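Following: one structure in structure tokens, then a few remarks.
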Number of protein chains: 2
Amino acid sequence: MEMTVNRTSPPKRTTIYDLAELAGTSASAVSAVLNGNWKKRRISVKLAEKITKLAEEQGYALNMQASVLRRERSKIIGMIVPKYDNRYFGSIVEQFEARARERGLFPIITCTMRDPALEVEAARAMLSYQVDCLIATGATDPDRIVDLCAAAGVRTINLDLPGSRAPSVISDNYGGALELTRRVLSNCEREYGEKAPLLFVGGRGTDHNTMERVRGFRDAHAEAGITVDEALVQTCGYAPEKAENVMRQLAARTSDLPRGMFVNSTISLEGVMRWIRHSGHYAERMPHLGCFDWDPFVAMLGDHIEMVRQDVPKMLEAVFDIIDSGSTDLAFVEIPPIIEKIG
Amino acid sequence: MEMTVNRTSPPKRTTIYDLAELAGTSASAVSAVLNGNWKKRRISVKLAEKITKLAEEQGYALNMQASVLRRERSKIIGMIVPKYDNRYFGSIVEQFEARARERGLFPIITCTMRDPALEVEAARAMLSYQVDCLIATGATDPDRIVDLCAAAGVRTINLDLPGSRAPSVISDNYGGALELTRRVLSNCEREYGEKAPLLFVGGRGTDHNTMERVRGFRDAHAEAGITVDEALVQTCGYAPEKAENVMRQLAARTSDLPRGMFVNSTISLEGVMRWIRHSGHYAERMPHLGCFDWDPFVAMLGDHIEMVRQDVPKMLEAVFDIIDSGSTDLAFVEIPPIIEKIG
DNA sequence: CACATGTGCTCAATCGATGAAGCAAGAATT
DNA sequence: AATTCTTGCTTCATCGATTGAGCACATGTG
């Protein structure tokens with residue numbers, strides 16, 4: 001048992017061959033014991049215990065690369081996610097990790113900064129790591145990713161934003177927006193005694209969610225008999241600066257600012273609020289706001305903000321139901337979001 | 001070119017052997033071309049181009065498992081992180097991913113929900129995936145993780161919370177807390193015209209950061225000639241409910257609530273704010289708050305809250321400086337946090 | 001013309017784990 | 001006693017990429 005540990009080069013990790021030698025047995029017996037199917041392979045309890053004990057003593061750690069290379073399925077499950085800067089994606093990722101681990105899957109997550117090129121690059125990287133399944137969250141071009149994965153025989157599920165070539169789990173954006181708009185409209189009417197249209201700010205005009213939310217927004221106005229001017233729908237992107245810009249330009253064009261707004265994410269709300277605070281507009285009376293997304297501190301900003309909270313636990317349950325069922329049909333699951341009570 | 005794609009079993013992925021056959025060359029030539037050291041291996045430009053083109057056409061994706069298994073270094077870099085529910089950890093993770101990718105490293109991240117058992121399990125999993133290096137962020141027991149990794153010859157760097165057996169990059173908690181406390185104390189004195197101690201809420205009394213912040217808190221009081229009662233230091237943990245509880249119990253004991261508080265994280269602040277809003281205490285005058293951590297919406301909550309923002313870009317720069325330098329000495333880097341201006 | 005040098009590739013071992021196939025020894029059955 | 005069965009292992013090919021060693025041919029040098 002000579003110890004030739006060279007401190008300059010990394011100490012060789014213990015492998016099943018080392019353990020086999022120590023136990024005076026074969027590598028395949030060690031493998032069978034350590035990966036749990038030693039009963040099937042008719043290894044005696046005595047040997048199994050001996051090997052287990054040795055493995056512990058030696059601090060043996062399975063080499064996943066070797067294991068995955070040999071195995072049919074990798075049990076690695078990937079997720080790509082746009083950003084980590086808000087509670088929505090944060091809880092998606094937390095839930096994803098927890099549920100994956102529960103099932104004995106190894107989650108790997110990558111954030112793409114909403115950059116389509118990075119999305120594709122990330123998807124490719126995941127394929128290289130032999131993921132069994134990829135969840136594309138809020139992807140700009142989900143179908144592109146699905147195609148890449150399909151070519152490698154990897155299942156994909158779209159989350160948050162739907163695609164046409166893989167099952168999709170999303171919020172009921174239309175329903176949520178309809179209800180949110182109704183509430184903000186009625187808050188405005190209650191305060192000002194007259195009906196007036198809201199401003200829609202944030203999101204991308206081309207993405208499904210934003211389009212559905214705009215539809216809910218318009219329908220709620222229609223219900224109330226209010227017409228919505230085109231200029232009042234500003235799908236300028238998600239970044240705070242873009243929302244801020246919209247407000248600045250609107251204020252430059254007209255002194256008659258809307259009394260209420262539908263803001264398409266907390267991140268856009270950040271920009272809107274910043275502008276409201278710095279511009280001096282709305283100094284006497286805050287506008288009524290509705291935010292499609294939830295944040296605990298936004299909830300404390302005052303009773304002029306309504307929020308719709310996407311139901312992340314239910315969404316991930318739906319995602320894993322699809323994974324567990326192994327079904328391949330193009331499900332399209334819409335989860336009703338939660339209308340948060342003010343205060 | 002027969003297409004025998006069996007839809008029930010996954011279509012076999014293209015390997016370098018497939019490409020070699022198509023190109024009429026050997027697998028090792030393909031490998032050399034695709035991993036970029038074909039010049040060293042004296043492959044002709046002509047063949048290189050042919051192979052590259054073929055790889056693209058066939059949608060070839062490297063099998064990382066095989067590649068890593070063979071190679072000396074995996075170029076995988078791991079990070080464990082407590083939670084994704086706040087801006088601080090969110091930006092740590094975003095920065096980590098970006099900088100890792102910049103260097104051609106593949107980042108894998110896992111969140112441990114502040115659970116010590118999960119931390120160890122996660123570290124083990126990372127070792128199995130042959131990470132070259134592990135960043136332990138906010139770990140409860142960093143030294144435990146360092147030991148695990150050291151046994152496998154894997155470098156570790158502690159981030160956010162320091163350990164004694166690996167380089168650590170953390171905020172200057174003492175300095176930040178000192179300045180934050182000074183500000184809140186002076187805000188209180190300005191408003192109330194008299195010196196009075198603040199309440200310290202949140203964090204774990206046993207962790208280095210909390211201890212350092214308490215030290216700064218005490219020293220700022222001492223500077224101002226204010227004595228701090230033991231009961232005013234409530235390191236109750238990070239969860240919102242725990243902070244809320246502290247407030248509730250404090251209010252039950254005394255009607256003379258402190259006029260200002262030092263709150264040890266945004267997540268604890270969530271609990272404190274919730275209590276303030278629901279309990280009816282502080283209804284006339286909000287207490288002056290100082291929060292060790294930053295959130296854009298907290299910044300909008302009013303001018304009674306001071307914030308200290310940990311300098312995540314600098315922290316990650318320091319982390320990657322250590323990684324790039326390859327140095328193994330026990331650096332202890334303290335990065336000054338940023339004092340946010342109110343409003 | 002003999003020999004060195006350079007060019008452009010191929011061969012085969014290897015990384016560590018897995019599992020089908022097989023083998024030896026003992027137990028049970030006819 | 002001859003045979004099947006069972007138990008408890010071992011052997012070896014395999015997954016896909018990497019890389020040191022080596023080979024054949026072309027070109028240059030003395």
Side-chain angles (χ1 to χ4, degrees), chain A residues 9-10 12-51 55 58-76 106 127-130 132 152-153, chain B residues 9-10 12-51 55 58-76 106 127-130 132 152-153:
Chain A
S9 80
K12 271 276 121 282
R13 293 145 111 106
T14 313
T15 71
I16 51 170
Y17 297 93
D18 303 329
L19 294 181
E21 190 156 4
L22 288 172
T25 180
S26 72
S28 78
V30 175
S31 172
V33 169
L34 296 179
N35 69 27
N37 60 13
W38 53 281
K39 299 219 163 169
K40 259 167 267 173
R41 316 248 350 238
R42 296 186 309 211
I43 306 290
S44 64
V45 181
K46 200 177 133 212
L47 181 57
E49 274 166 0
K50 184 174 180 189
I51 289 174
Q58 302 292 315
Y60 170 79
L62 176 68
N63 183 328
M64 273 295 171
Q65 313 305 342
S67 177
V68 167
L69 176 59
R70 194 58 190 27
R71 266 158 23 197
E72 181 56 21
R73 296 185 49 230
S74 70
K75 302 202 172 187
I76 302 178
F106 186 80
L127 290 180
S128 275
Y129 282 93
Q130 312 296 110
D132 283 335
Chain B
S9 79
K12 270 273 123 286
R13 295 147 111 105
T14 314
T15 71
I16 52 170
Y17 297 94
D18 302 329
L19 294 181
E21 190 156 4
L22 289 173
T25 182
S26 71
S28 74
V30 175
S31 171
V33 168
L34 296 178
N35 70 26
N37 61 14
W38 53 281
K39 299 220 165 170
K40 257 167 264 169
R41 306 215 39 162
R42 297 185 310 210
I43 306 289
S44 65
V45 182
K46 202 178 132 211
L47 181 58
E49 275 166 359
K50 184 174 179 187
I51 289 174
Q58 302 292 316
Y60 170 79
L62 176 68
N63 183 328
M64 273 295 172
Q65 254 68 47
S67 178
V68 167
L69 176 59
R70 192 55 183 45
R71 263 157 28 196
E72 180 57 23
R73 295 185 49 229
S74 70
K75 300 202 174 185
I76 301 177
F106 186 82
L127 290 180
S128 274
Y129 282 93
Q130 312 296 111
D132 283 336

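As the structure is a prediction and not an experimental result, all values here were calculated from the model. Naming convention: chains lettered A, B, ... in sequence-line order (proteins, then strands); numbering from 1 in each chain.
Take B:Y60 and apply the ring pair (Phe, Tyr, Trp, His ring centres under 6.0 Å) test, not counting sequence neighbours, and it matches no residue. Considering only residues two or more places apart in sequence or on other chains, B:S67 meets the side chain to side chain donor-acceptor pair (under 3.5 Å) condition with B:R71. Residues satisfying the side chain to side chain donor-acceptor pair (under 3.5 Å) criterion with A:Q65, sequence neighbours excluded, are B:Q65. Under the rule for a salt bridge (Lys or Arg N to Asp or Glu O under 4.0 Å), A:R42 has no partner lying at least two apart in sequence or in another chain. Partners of A:R41 according to the side-chain contact (heavy atoms from CB on, under 4.5 Å) rule, which considers only residues two or more places apart in sequence or in another chain, are A:S28, A:A32, A:N37, A:I43. Take B:A61 and apply the side-chain contact (heavy atoms from CB on, under 4.5 Å) test, not counting sequence neighbours, and it matches A:S128. Partners of B:D132 by salt bridge (Lys or Arg N to Asp or Glu O under 4.0 Å), not counting sequence neighbours, listed by chain and number: B:R73.
If you check every strand for non-hydrogen atoms under 4.0 Å, B:S31 touches a base. As judged by a 4.0 angstrom heavy-atom cut-off over every strand, A:S67 is placed among residues touching the sugar-phosphate backbone only. Among the protein residues, B:L62 comes within range of the sugar-phosphate backbone only, with heavy atoms under 4.0 Å from sugar or phosphate atoms but none that close to a base.
Between A:V30 and A:V33, every side-chain heavy-atom pair lies at or beyond the 4.5 Å cut-off. By the 4.5 Å heavy-atom criterion applied to side chains, A:L62 and A:L34 are not counted as neighbours. Contact annotation: the side chain of A:Y129 approaches that of B:I76 to within less than 4.5 Å [non-hydrogen atoms, C-beta and beyond].
No donor-acceptor pair closer than 3.5 Å links the side chain of A:R13 to the backbone N or O of A:N63.
Taking atom CZ of A:R13 as the reference point, atom P of C:dA17 lies 10 Å away to the nearest angstrom. Computed from coordinates, the A:L34 CG to C:dG16 P distance equals 15 Å when rounded to whole Å. Rounded to whole angstrom, the span from the CD atom of B:E72 across to the P atom of C:dT14 amounts to 16 Å. Rounded to an integer number of Å, the gap from CZ of A:R71 to P of C:dA20 is 15 Å. Look at CD on A:E21: it is 14 Å from P on C:dG16, rounded to the nearest Å.
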| request: Would you sort out whether B:L22 and B:Q58 count as a side-chain contact (heavy atoms from CB on, under 4.5 Å), showing the intermediate values? | output: CA-CA 10 Å; B:L22 289 173; B:Q58 302 292 316; 3.7 Å; yes
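Of the candidate nucleotides C:dC15, C:dT10, C:dA17, C:dC15 has the atom nearest to the side chain of B:L69.
Nucleotides of DNA chain D lying under 4.0 Å from heavy atoms of chain A occupy a range whose first and last members, 5' to 3', are D:dT7 to D:dG16.
Of all the residues in residues 41-51 of chain A, A:R41 reach under 4.0 Å from DNA chain C with at least one non-hydrogen atom.
Defining each end axis of the helix from C:dC1-D:dG30 to C:dT29-D:dA2 as the rotation carrying four pairs' C1' atoms onto the next four, with five pairs an end, the two axes are found to diverge by 60° to 10 degrees.
Contact between the side-chain N/O atoms of B:Y17 and the OP1/OP2 oxygens of C:dC11 is not found at any separation under 4.0 Å. Distances shorter than 4.0 Å separate some side-chain N or O of A:N35 from OP1 or OP2 on C:dT18.
Under 3.5 Å, the side chain of B:S28 and the base of C:dC11 form at least one donor-acceptor pair of N or O atoms.
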